[in-house]
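The chains referred to below are lettered A, B, ... by the order of the sequence lines, with proteins before strands, and numbering in each begins at 1.
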Number of protein chains: 2
Amino acid sequence: MPRKPIETATAAVAREPVTRERAVRLAVALADAGGIESVSMRKLATELSITPMSLYYHVKSKDDIFDGMLDAVYSEMHVPGVDVAWRAAMLERARSTRAVLARHPWAISLDARTSPGPATLGHLDATIGVLRAAGFSMPLVGHAMSLLDSYVQGFAMQEATLPLDASGDIGAVTEDILAQQEMMSNAFPNLAEMAATLILQPGYAYGNEFEFGLELILHGIERMHRSTESG
Amino acid sequence: MPRKPIETATAAVAREPVTRERAVRLAVALADAGGIESVSMRKLATELSITPMSLYYHVKSKDDIFDGMLDAVYSEMHVPGVDVAWRAAMLERARSTRAVLARHPWAISLDARTSPGPATLGHLDATIGVLRAAGFSMPLVGHAMSLLDSYVQGFAMQEATLPLDASGDIGAVTEDILAQQEMMSNAFPNLAEMAATLILQPGYAYGNEFEFGLELILHGIERMHRSTESG
DNA sequence: GAACGGTACCATACGCTGTATGGTTTTGGC
DNA sequence: GCCAAAACCATACAGCGTATGGTACCGTTC
């Protein structure tokens, strides 16, 4: 039990009790602000007004916190109901996943973690449910989800790598690139041409590539699905 | 200059001089053996028979070593020549990338790094060259590469997450999963069904999903390419 | 009202990390 | 033999995760 219950009248401010959830929530905020490496047990403990070792009463290890953070991120994603048409559901799921991962870029590297939490599992379960309800065979569900998830996760990773400003345009590095332009033209002519005629053009934003790939993939899955239905 | 040139006759064993390349090569070996977190400046220095601070004469920082490691990995990938048909070239590139990333799983997390080396840039340049030679418009090159690279990288990441034994089958965790099977059946029925009827079946190996997605994507790109050629 | 078991917290310490600072030695060329 | 540059080194600092072994407080029970 907490030393100072919320009902304590003596304290002017009812202090929120320390829990794993609160620690995880705080860790997410820290990571959002300064990247994953700015999450430390000592910093977390300080923010919770306890000593580092006291944190271990609520949490098994730092990895335990990472697991919690990843599951917290998954819980931000939309989980479509089974009544939605599968294509719209997958589209929404992909867009939502990308948006959430763009909001928490540190989560992408945590994604390689091997102990999924309830939100993660629920997310997967719901997705399988949608495809099954639409008549997908189990192997096709496997194909479709592997393909979609690989693409979305990979895209999020590529996107996180790019040095973008808030608008999605190429940011401050543009000058640096232009400075090296001549050197690049010699060694990597195709890359230089692509930079000049596509990427550095005013209207270009890498984020727009997302929908192209997504449409192509969904189109292909649709084709597969129809062929198994009729065949 | 090296203290003991290779030609030195006094030393029974001609000691290889310490260089950035050698440090990076060693770091790759360390990471292959024990994961990325087993790469430390102190361990590297010890293996090179120098003190930690001496390493900084050859290398700018630990991040510099990471950059080198990633570029070393990229240099292991096949770079197809422009004379190869684009589809075969992309297929080969994707397979090679996946194989190399499976050999060095730690490289996947390093991939988010923002200072590409010469091998990385050369790899990109060659790929653009193949597509351009095949008549792809620059925007279509952008679409195709974003899609392919996102998929391959995402797949490699998913694959690295899975607890696989050498054969590619689900390994020792199978019993753990089966133990939790009943609990899962209640909370996540679709997931449980998929595990039982697909993933835990004898013949199933997640790695096989790779080719399905790859074919679907290449098929889609081919369609796009043809439509821009004829249209 | 005293004793008790669990809950929540804490102090100290160990071994590890990357690297800043400011030397010292060794070397090839003159 | 001298010198600048190259290669290397010792010391130190601030931070990290966490093992170990405590201590203060709580509601419950006798």
J.: Nearest whole angstrom, please: distance from the P of dT12(C) to the OH of Tyr56(A).
T.: 18 Å
J.: Does dC8(D) have OP1 or OP2 sitting under 4.0 Å from an N or O in the side chain of Thr51(B)?
T.: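 So the side chain of Thr51(B) is outside the cut-off, no N or O lying under 4.0 Å from OP1 or OP2 of dC8(D).
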J.: Could you tell me whether a side-chain N or O of Arg22(B) sits under 3.5 Å from a main-chain N or O of Pro17(B), the two making a donor and an acceptor?
T.: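 Flag set: sc Arg22(B) to bb Pro17(B) pair under 3.5 Å.
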J.: Which whole-number value in Å describes the distance from Leu55(A) CG to dA8(C) C1'?
T.: 12 Å
J.: Please identify which of these residues, Asp63(A), Asp71(A), Asp64(A), meets the salt bridge (Lys or Arg N to Asp or Glu O under 4.0 Å) condition with Arg113(A).
T.: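 With Arg113(A) as partner, Asp63(A), Asp71(A), Asp64(A) yield a single salt bridge (Lys or Arg N to Asp or Glu O under 4.0 Å), made by Asp63(A).
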J.: Give a yes/no answer on whether the side chain of Ser54(A) brings an N or O atom under 4.0 Å of OP1 or OP2 in dA8(C).
T.: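 Checking Ser54(A) against dA8(C): no side-chain N or O falls below 4.0 Å of OP1 or OP2.
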J.: Can you tell me which nucleotide in dT21(C), dT18(D), dC9(C) comes closest to the side chain of Arg42(A)?
T.: dT18(D)
J.: Do the side chains of Trp106(A) and Val28(A) get nearer than 4.5 Å, heavy atoms only?
T.: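 Side chain of Val28(A) against side chain of Trp106(A), heavy atoms only: contact under 4.5 Å found.
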J.: Under 4.0 Å between a side-chain N or O of His58(A) and OP1 or OP2 of dT7(C)?
T.: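 So the side chain of His58(A) is outside the cut-off, no N or O lying under 4.0 Å from OP1 or OP2 of dT7(C).
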J.: Measure CG/Asp64(B) against P/dT19(C) and give the value in whole Å, please.
T.: 10 Å
J.: To the nearest angstrom, how far is Lys62(A) atom NZ from dA19(D) atom P?
T.: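 Spelled out: NZ on Lys62(A) to P on dA19(D) is 14 Å.
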J.: Could you state the atom-to-atom distance from CD of Glu37(A) to C1' of dG17(D) in whole Å?
T.: 16 Å
J.: Regarding His123(A) and Arg93(A), do their side chains bring together a donor and an acceptor under 3.5 Å, going by distance alone?
T.: yes
J.: Could you state the CG-C1' distance from Leu48(B) to dC8(D), rounded to the nearest angstrom?
T.: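 To the nearest whole Å, that distance equals 13 Å.
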J.: Dump the intermediate steps for side-chain contact (heavy atoms from CB on, under 4.5 Å) on Arg98(B) and Glu159(B), then the final yes or no.
T.: CA-CA 9 Å; Arg98(B) 178 197 168 207; Glu159(B) 202 170 16; 2.5 Å; yes
J.: Which whole-number value in Å describes the distance from Leu44(B) CG to dC16(C) C1'?
T.: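 Atom CG in Leu44(B) sits about 15 Å away from atom C1' in dC16(C).
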J.: Just the rounded figure in Å: distance from P of dT17(C) to CE of Met53(B).
T.: 14 Å
J.: Considering only dA11(C), dG18(C), dC9(D), which nucleotide approaches the side chain of Met41(B) most closely?
T.: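 Comparing dA11(C), dG18(C), dC9(D) against the side chain of Met41(B), the answer is dG18(C).
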J.: According to a strict under-4.0 Å criterion, is Tyr57(A) in side-chain N/O contact with OP1 or OP2 of dC9(C)?
T.: no
